[in-house]
Novice: 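The structure is given below, and queries will be raised subsequently.
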Amino acid sequence: MSTGVSSIYSHGPSPEPTGEVAEQRNHAARKALWHKCGWATLVPDDITDDWVRQAVINEAVAAFGERQDGQGKESGHQSEEA
């Protein structure tokens, strides 16, 4: 007899993907954001040109403020003063 509740709830939570699976999922999400909304989501570590990477970091800091890590410390990046 059916209870009317999806059987998916019996599977429980699954671990988040890691490695290549996570990279592919994140890339697909960033691509969809670009195509659907015009939002460019960039990962500074993925930018190979030093000047472009620093320009992206500088723009993000100017727009959103210094980035904080999990312990409340500033993340390591080169500032304009350095």
Novice: Could you measure the distance from the CZ atom of R25 to the OG1 atom of T18? Nearest 0.5 Å is fine.
Specialist: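 The distance works out to 10.0 Å.
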Novice: Do you know the tightest heavy-atom contact between P17 and A22?
Specialist: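 Heavy atoms of P17 and A22 come nearest at O-CB, 3.4 Å.
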Novice: State, yes or no, whether a side-chain contact exists between H27 and R30 at a heavy-atom distance under 4.5 Å.
Specialist: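 Yes; the side chains approach each other to less than 4.5 Å.
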Novice: Show every side chain to side chain donor-acceptor pair (under 3.5 Å) that has at least one partner inside residues 36-51, sequence neighbours left out.
Specialist: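 As it turns out, the side chain to side chain donor-acceptor pair (under 3.5 Å) pairs with a partner in residues 36-51, which skip direct neighbours, are D50-R53.
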Novice: Please report the interatomic distance CG(L42) to CD(E59), rounded to the nearest 0.5 Å.
Specialist: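 Output value for this atom pair is 11.5 Å.
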